[in-house]
Amino acid sequence: MKKITVTLPGGEKRSYPAGVKICKILQDLEGEWVEKVLVAKTDGHLVDLSYPLQEDSNLSFFTFEDEEGKEVYRHSTAHLMAQSVQQLFPEAKITIGPPIENGFYYDFYLSTPFTPEDLSKIEERMQENARKNLPIIRQEMSKETAKEYFKKREERYKLEILEEIEEEQVSLYSQGEFTDLCRGPHLPSTGRIKTFKLLSVAGAYWRGDERREMLQRIYGTSFEREEELKIHLDRLAEAKRRDHRILGKKLDLFSIHEEIGGGLIHWHPKGAMIRQRIEDFWRKEHLNRGYQLVFTPHIASEEVYRISGHLENYSDLMYSSMEVEDRPFRVKPMNCPGHIMIYKSHLHSYRELPIRYAELGTVYRFERSGVLHGLFRVRGFTIDDAHIFCQPQKVEEEVISVINFSLEFLKAFGFTEFAVYIATRPEKCVGREEDWVRATKALEEAAKKAGLPYKIDEGGGAFYGPKIDLKIMDSLGRSWQCTTIQFDFNLPERFDISFINDEGKAERSYLIHRAILGSLERFFGILIEHYGGAFPLWLAPVHVRVMTVTQEGDKFAQEIYERLHHEGIQVNLDLRNEKIGFKIREAEEEKIPYMIVIGKKEAKEKTLSVRARRKGDLGKRSLDEFLIQIQAEIAQKSVID
RNA sequence: GCCCAUGUAGCUCAGUCGGUAGAGCACAUCCUUGGUAAGGAUGAGGUCACCGGUUCGAAUCCGGUCAUGGGCUCCA
């Protein structure tokens, strides 16, 4: 009998007869981890534990702790769900059911939609099927045989998938009476799936194509241990509590009105105060870093968008034109043309470059009603935009400085973890090869010099240039893309922008678009959720509330108010005839960082009883001490509460 | 835009079988002057999203419209 050599993860080599199954090898191994192995990898691809090894192989193993293990685990949970759904709804047709971040889904065709009650029934059935510990068996067969099989079962979606598969051999996975066309791999048996939860049901188009029929999608998640599931569900509940749409209403920060239109944000005084603080900081930092602030109009002749190419490429996100003295105008969907026109208004020497124009530019883009979502997806928003015009050899330097700027700026809001993505040249693109190479290299070098690990999104760039995106991690561990730095090889050509080089000749300028926060609206939404509505002092719309225990404190409270107000502190005064506990409760609910409690004692001693949000009574101090303390806290932009 | 769900007082939500609308919070007035997360009483507040239909009668049943929410990239 033929022998093969199996190399184990530690490097140890063992000899086995050819055709040995991986699970057999696992049985010979020692350690607690052996039982946790869900899937194996041999020579670069993931395989079932029942996979027979025919040749010498390098083996590695994965458990739920690994991304690979998690995906297989959840993919098998999706199959368990599909099996249970077909038992309860025999008319349901199976389609696809992949693992996704934090869970899985499965799409079914069913003429009547699932109800929330159906979900718990399906869950129960899944428990039963898991308890039965059905072996999950892989079968390989020719495409033709598989087609006959699914034809008999009237699984037309599976037939459609089969049509598109190029290989001649396909694999089917069975558990009990349920069989699905699937590449795999899967867990050895349904009993390996320990704990799961079905979360929601939604419509989804077959193949994500809106011209195709609507399927019923069930989302769920699964874990190995009950505690892990609980942590995950708690996190979802916490995210719901922090939902910026709810907090925005409760804290009176912003609103959206049916009468005015979806996706159009109204910043209430408190929200506007926060925005002012962000904008003031933004302007100051931009001036410090050699940017020049500009303003550009909200509408522009259609001609400029014809030149820029937006009319051709982006008209589906632009609002339709309006006639102004027989000339078509458009509401601006981006700020670049305006900045370019400013640049072009006179000749530029290489000595002047780089020129950096920055604007908090409000733009309007058409988003379909169904995708609008609070502050995250809107129709009118303000980009913290800038366009950098520079010489080709200066791009790396510029990108590094933008990255460093972003990191420092975002740090002021308490974001310290970043992920970096570089998107490279797509198939269809404009610009010279050498420019793409130079620009892409500049992005990589810049990421390296900033000490940031990055991932390459091959072919993910815009048609007009490569880009680098920074994602921030919020307090719930969710990531958000904010900063984007994009090269543009399209607009410089189209608008013919140039500078005069040291030989006195006109040379094409490089153009970099960049935004640090992305959109103020969206960033505000992220901040609300990141802080759970409790803004740090430097951003808080109200810094301090002075409140009295009885009327005997009124006069002194008034004095404190006047002084703080005079010093530029956002302060308000609560002299109402209410109990102190009630006043504190209200201030806590409004998430005001500091409360000053003034009673008879304080009025007599001329001291302040200071209470910090969520922390309680901090004790007494003088007005001067308190003022110095909070002024320092504001100046430092402290985010620690 | 499409599928599903939801739409009742400023907010959060009850409302049974079709019989003309309810709570808590907020608001107003009064009483209460109190010590670190809700003192008490009284009152005002509604074209039940909108339009149409069925019915003697519609918040409730039916149809349509609008808005909001969950989704609509993850490829057997």
Side-chain angles (χ1 to χ4, degrees), chain A residues 71 75 78-79 82 94-101 103-107 110-116 143 146 150 155 157-167 170-173 179-184 199-219 240 243 245-246 249-250 252 255-263 316 366-374 547-554 575-590 595-602 609-619:
Chain A
E71 282 184 12
H75 190 184
H79 275 218
I94 49 176
T95 68
I96 59 166
I100 52 173
E101 202 184 344
F104 61 86
Y105 69 77
Y106 206 112
D107 286 345
L110 191 62
S111 49
T112 52
F114 294 112
T115 65
K143 205 157 69 176
F150 285 110
E155 292 287 3
Y157 295 93
K158 290 293 168 187
L159 286 171
E160 191 175 328
I161 293 162
L162 275 166
E163 286 303 329
E164 289 165 20
I165 294 177
E166 284 173 16
E167 295 87 42
V170 297
S171 58
L172 272 60
Y173 279 81
T179 300
D180 198 354
L181 173 71
C182 185
R183 187 184 288 143
L199 297 170
S200 61
V201 46
Y205 297 103
W206 170 230
R207 309 243 123 155
D209 183 343
E210 61 188 78
R211 290 163 305 192
R212 303 295 301 265
E213 58 271 43
M214 182 65 69
L215 305 173
Q216 306 292 323
R217 172 172 299 180
I218 302 179
Y219 282 95
K240 210 171 172 184
D243 190 316
R245 293 165 301 181
I246 312 242
K249 198 182 266 179
K250 217 164 117 188
D252 197 15
S255 58
I256 299 166
H257 302 271
E258 232 178 271
E259 296 84 340
I260 288 178
D316 53 340
F366 171 70
E367 296 281 2
R368 297 194 294 176
S369 57
V371 306
L372 298 177
H373 181 94
M547 51 186 75
T548 49
V549 181
T550 65
Q551 277 176 346
E552 287 169 281
D554 284 9
L575 302 181
R576 291 175 304 167
N577 177 12
E578 295 290 352
K579 287 190 154 178
I580 192 66
F582 182 83
K583 294 183 183 181
I584 285 171
R585 181 183 152 82
E586 277 196 353
E588 285 280 354
E589 283 193 333
E590 288 175 45
M595 290 155 250
I596 305 287
V597 176
I598 300 300
K600 204 194 223 165
K601 282 176 270 177
E602 289 81 0
S609 279
V610 179
R611 183 191 161 97
R613 166 178 72 193
R614 295 191 292 210
K615 284 202 291 241
D617 197 349
L618 300 182

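By convention in this document, chain letters (A, B, ...) are assigned in the order of the sequence lines, proteins followed by strands, and residues within each chain are numbered from 1.
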Original post:
Rounded to whole angstroms, how far apart are CD on A:E213 and P on B:C72?
Top reply: 17 Å
Subject >> Distance between C1' atoms of B:C25 and B:C17 (Å, rounded) >> reply: 32 Å
Original post:
If you take atom types as modelled and just measure distance, does the side chain of A:Y205 reach the base of B:G1 with a donor-acceptor pair under 3.5 Å?
Top reply: yes
**OP:** Pull out every stem in RNA chain B, meaning runs of 3 or more consecutive Watson-Crick or G-U wobble pairs with both distances under 3.5 Å.
**Re:** B:1-7 with B:66-72, B:10-13 with B:22-25, B:27-31 with B:39-43, B:49-53 with B:61-65
Original post:
Within this structure, what is the CG-to-P distance between A:L215 and B:C4, rounded to whole angstrom?
Top reply: 13 Å
Original post:
Can you name the residues that form a salt bridge (charged side-chain N to carboxylate O under 4.0 Å, His left out) with A:E167, not counting sequence neighbours?
Top reply: none
Are any protein N/O atoms closer than 3.5 Å to N/O atoms in nucleotides 66-68 of chain B? If there are, list each pair with its distance.
residue: B:A67; atom: O2'; partner: A:E258; partner atom: OE1; Å: 3.3

Original post:
Could you go step by step and tell me if A:L172 and A:F150 meet the side chain to side chain contact (heavy atoms under 4.5 Å, CB included) rule?
Top reply: CA-CA 11 Å; A:L172 272 60; A:F150 285 110; 4.1 Å; yes
Original post:
Could you give the distance from CD1 (A:I584) to NZ (A:K579), rounded to the nearest 0.5 Å?
Top reply: 12.5 Å
Original post:
When you compare B:U29 with B:G69, how far apart are their P atoms, in angstrom units rounded to a whole number?
Top reply: 36 Å
Original post:
What is the distance, rounded to the nearest whole Å, between atom NE2 of A:H75 and atom C1' of B:C74?
Top reply: 12 Å
**OP:** For B:G46 and B:C50, measure between their C1' atoms and round to the nearest Å.
**Re:** 16 Å
Original post:
Could you give the CG-to-P distance, from A:L110 to B:C3, as a whole number of Å?
Top reply: 16 Å
Subject >> Inter-nucleotide C1' distance (B:A37, B:U73), Å rounded >> reply: 45 Å
Original post:
Nearest-Å distance, CD1 (A:I218) to C1' (B:C4)?
Top reply: 13 Å
**OP:** Could you measure between the two C1' atoms, the one in B:G18 and the one in B:C62, and give it in whole Å?
**Re:** 13 Å
Original post:
Closest to the A:R207 side chain: B:C2, B:C75, B:U12?
Top reply: B:C75
**OP:** Check salt bridge (charged side-chain N to carboxylate O under 4.0 Å, His left out) between A:R576 and all other residues, then give those that pass, not counting sequence neighbours.
**Re:** A:D574, A:E586
Original post:
Under the criterion ring pair (Phe, Tyr, Trp, His ring centres under 6.0 Å), which of A:Y106, A:Y105, A:F114 is the partner of A:Y219?
Top reply: A:Y105
Original post:
How is A:E167 classified with respect to the nucleic acid when contacts are heavy atoms under 4.0 Å: base, sugar-phosphate, or nothing?
Top reply: base
Subject >> Check: A:Y205/A:D107 side-chain N/O donor and acceptor closer than 3.5 Å >> reply: no
Subject >> Interatomic distance, A:E164 CD vs B:C75 C1' [rounded to whole Å] >> reply: 9 Å
Subject >> Nucleotide-resolved protein contact map, nucleotides 33-40 of chain B, B/S/- at heavy-atom distance under 4.0 Å >> reply: BBBBBBS-
Original post:
Using a cut-off of 4.0 Å on non-hydrogen atoms, how would the nucleic acid contact of A:Y219 be classed: base, sugar-phosphate, or nothing?
Top reply: sugar-phosphate
Subject >> Nearest-angstrom distance from the residue atom NZ of A:K240 to P of B:U12 >> reply: 14 Å
Original post:
What distance, rounded to whole Å, do you find between the two C1' atoms, one in B:A49 and one in B:U6?
Top reply: 11 Å
Original post:
Is it the case that more than 12 heavy atoms not belonging to A:K600 sit under 6.0 Å from its NZ atom?
Top reply: no
**OP:** Test A:E590 against A:K250 for salt bridge (charged side-chain N to carboxylate O under 4.0 Å, His left out), laying out the working first.
**Re:** CA-CA 8 Å; A:E590 288 175 45; A:K250 217 164 117 188; over 6 Å; no
Original post:
Taking atom types as modelled, is there a side-chain donor on A:T548 or A:K583 under 3.5 Å from an acceptor on the other?
Top reply: yes
Original post:
Rounded to whole angstrom units, what separation is found between the NE2 atom of A:H79 and the P atom of B:C75?
Top reply: 13 Å
Original post:
Are any of the side-chain nitrogens in A:D243 or A:R245 under 4.0 Å away from the carboxylate oxygens of its partner?
Top reply: yes
Original post:
Excluding sequence neighbours, so at least two apart, what forms salt bridge (charged side-chain N to carboxylate O under 4.0 Å, His left out) with A:E578?
Top reply: none
Subject >> Pairing of A:E160 and A:R212 as salt bridge, 4.0 angstrom limit >> reply: yes
Original post:
What interatomic distance, in whole Å, is found between P of B:G19 and the corresponding atom of B:G15?
Top reply: 14 Å
Subject >> B:U12 versus B:G7 - spacing of their C1' atoms, nearest Å >> reply: 14 Å
Original post:
Applying the side-chain contact (heavy atoms from CB on, under 4.5 Å) test to A:V610, which of A:V597, A:D617, A:L618 qualifies?
Top reply: A:L618
Subject >> Toward the 5' end of RNA chain B, by each residue's nearest nucleotide, A:C182 or A:M214 >> reply: A:M214
